[in-house]
Undergrad: 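Mind looking over this structure? Questions follow.
Keep in mind the model is a prediction, meaning the values are calculated, not measured. Naming: A, B, ... by sequence-line order, numbering from 1 per chain.
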2 protein chains.
Amino acid sequence: MSESNARQRGRPRSFDEETALDELTALFWQKGYTQTSVADLVEASGVPKPSLYRIFGSKEELFASILRRYMATRMDMISTLVAHAGPGVDGIHTFLSLMRDDVVSGTSQNGCLLVAASAELHGSTPGFDDFGSAYRGALRERIYTLVERAGGADNDIDQRADLMLTWFMGLDVTTRGAGDEAEIDRAIDAMHATVDTWR
Amino acid sequence: MSESNARQRGRPRSFDEETALDELTALFWQKGYTQTSVADLVEASGVPKPSLYRIFGSKEELFASILRRYMATRMDMISTLVAHAGPGVDGIHTFLSLMRDDVVSGTSQNGCLLVAASAELHGSTPGFDDFGSAYRGALRERIYTLVERAGGADNDIDQRADLMLTWFMGLDVTTRGAGDEAEIDRAIDAMHATVDTWR
DNA sequence: CCTATTCGATACCGATCGGTTATAAATGTC
DNA sequence: GACATTTATAACCGATCGGTATCGAATAGG
């Protein structure tokens with residue numbers, strides 16, 4: 001509570017922190033963690049280098065902050081999609097259509113940042129593996145509620161959620177990997193067809 | 001034909017090229033392309049640095065050679081799995097079981113190198129995106145023949161192959177992302193359940 | 001034994017890496 | 001207007017990056 005508007009004395013910042021975080025996120029998203037240099041970050045965000053380190057500590061801590069922030073907004077977005085999807089098998093179809101919009105022409109044209117980051121940093125930079133499994137866990141919860149509202153036996157619901165979760169990560173890979181629109185549509189249509197058998 | 005045994009004059013090499021390639025592949029596979037330095041490669045493979053550059057040209061060309069080599073062996077392996085799987089829906093179940101062995105205790109515990117590489121280098125290092133789409137294309141051919149032998153309408157076969165392809169990439173992500181054995185089993189069991197509906 | 005040839009060991013290169021250290025420029029407070 | 005405080009500018013740091021050049025060691029052909 002006492003934190004907001006607490007910045008009064010001293011020279012004002014030349015950048016907006018949220019805007020800068022958006023641009024930092026976009027750059028990491030495009031090029032990956034390792035391939036993005038601090039000089040790149042400074043140039044793209046307009047945040048001076050000493051300020052970057054004063055605020056975030058290091059490149060690694062900055063990336064961790066960005067991943068946390070991204071995780072929160074992405075989970076909010078997926079929760080919203082699930083909420084808008086409605087109940088029943090039709091709700092899943094609606095959800096898939098909404099996801100298609102985001103993947104084809106929305107913000108997720110480079111796949112999921114968390115998937116890319118955990119895949120890139122696994123085995124070389126410890127402390128980032130947790131992001132990947134946390135993402136899969138949070139994503140599964142939302143997919144589960146979506147699938148649950150379509151009915152079926154408990155065991156079926158679990159397995160359908162697991163299938164859709166794994167499929168979802170595969171769609172991320174396809175999206176990032178320069179997959180053209182037709183390839184993405186084939187992947188999504190295939191899921192549509194499978195969902196149809198859940199009626 | 002005239003190429004084999006052509007290396008005669010000059011000081012003999014202190015390393016076996018195929019063995020070295022295996023170790024270079026393993027290192028790139030673990031740490032990713034960017035996070036692996038040439039010094040790491042030299043240390044892990046035993047190939048002196050000048051020899052690395054004399055034979056492969058550059059780090060980037062070396063990685064391209066390794067990806068081509070990996071692609072060939074991986075496709076051979078998957079073709080073998082498909083061949084051993086046999087016809088019918090049961091063949092797909094067998095295929096999934098064989099895949100599980102490779103993912104859990106085989107050579108693919110870090111996921112697919114091509115998936116990781118194209119995801120890492122996309123957007124930063126041009127010329128590697130093709131590997132990803134080529135991999136998905138070649139993989140889809142093999143999955144298609146597997147699914148085709150289980151029967152069904154042409155349209156169904158196409159969509160089932162697309163589903164299984166996307167699922168497959170998702171399994172790669174799960175495998176690489178420090179997914180424990182139980183999580184991998186859930187992903188595979190979910191596919192088993194879906195395949196059961198194809199009878 | 002001499003030469004051509006191929007490779008290994010070592011040192012080296014400029015560039016870039018992530019990160020820091022002045023010092024000056026703005027602000028609010030009094 | 002003096003002062004404390006926060007930020008921006010710019011130069012700078014050692015380390016490491018990918019890549020190369022030099023030179024000696026090891027082989028085959030003659």
Undergrad: Which residues, if any, of residues 38-51 of chain A bring a heavy atom under 4.0 Å of DNA chain D?
TA: P48(A), P50(A), S51(A)

Undergrad: Rounded off to whole Å, could you give me the CZ-to-C1' distance for the R11(A) and dT23(C) pair?
TA: 12 Å

Undergrad: Measure from CD on E60(B) to C1' on dC17(D) and round the result to the nearest Å.
TA: 15 Å

Undergrad: Any carboxylate oxygen within less than 4.0 angstrom of a Lys/Arg side-chain nitrogen, looking at D158(B) and R140(B)?
TA: yes

Undergrad: So, the side chain of E120(A) versus the backbone of T34(A): is there a donor-acceptor pair under 3.5 Å, distance only?
TA: yes

Undergrad: Tell me: CG of L24(B) to P of dG18(D), nearest whole Å?
TA: 13 Å

Undergrad: Less than 4.0 angstrom between a side-chain N/O of S37(B) and OP1 or OP2 of dC17(D), yes or no?
TA: yes

Undergrad: Flag the pair R199(A) and D90(A) as a salt bridge only when some basic side-chain nitrogen lies within less than 4.0 angstrom of an acidic carboxylate oxygen.
TA: yes

Undergrad: What is the distance, rounded to the nearest whole Å, between atom CD1 of I55(B) and atom P of dC7(C)?
TA: 6 Å

Undergrad: Hey, does the side chain of S124(A) reach the backbone of L121(A) with a donor-acceptor pair shorter than 3.5 angstrom?
TA: yes

Undergrad: Check whether any side-chain nitrogen or oxygen of R13(A) sits under 4.0 Å from OP1 or OP2 of dT7(D), and answer yes or no.
TA: yes

Undergrad: Is F15(A) touching bases, backbone alone, or none of the nucleic acid, heavy atoms closer than 4.0 Å?
TA: sugar-phosphate

Undergrad: Anything under 30° is parallel, anything over 60° is perpendicular, the rest tilted; go ahead and classify F128(A) against Y33(A).
TA: tilted

Undergrad: Rounding to a whole Å, what distance do you find between F56(B):CZ and dG18(D):P?
TA: 16 Å

Undergrad: Which residue lies toward the 5' end of DNA chain D, G10(B) or G57(B), if each is placed at its nearest nucleotide?
TA: G57(B)

Undergrad: Distance only, no hydrogens: is a donor on one side chain within 3.5 Å (strictly under) of an acceptor on the other, for T107(B) and D102(B)?
TA: yes

Undergrad: Among dA8(D), dC17(C), dT20(D), find the nucleotide with the atom closest to the side chain of Y53(B).
TA: dT20(D)

Undergrad: Write down the distance between CZ (F28(A)) and C1' (dG18(C)), rounded to a whole number of angstrom.
TA: 12 Å

Undergrad: Nearest to the K59(A) side chain among dG8(C), dG19(C), dC17(D), which nucleotide is it?
TA: dG19(C)

Undergrad: Applying a 4.0 Å non-hydrogen cut-off, can you work out what T34(B) is touching in the nucleic acid: base, sugar-phosphate, or nothing?
TA: nothing

Undergrad: Would you say S37(B) and D40(B) are linked by a side-chain donor-acceptor pair, where the criterion is simply a distance under 3.5 Å?
TA: yes

Undergrad: Starting from P on dC17(D), measure out to CG on L52(B) and report it in whole angstrom.
TA: 14 Å

Undergrad: Nearest whole Å is fine: how far is dT16(C) P from Q35(A) CD?
TA: 15 Å

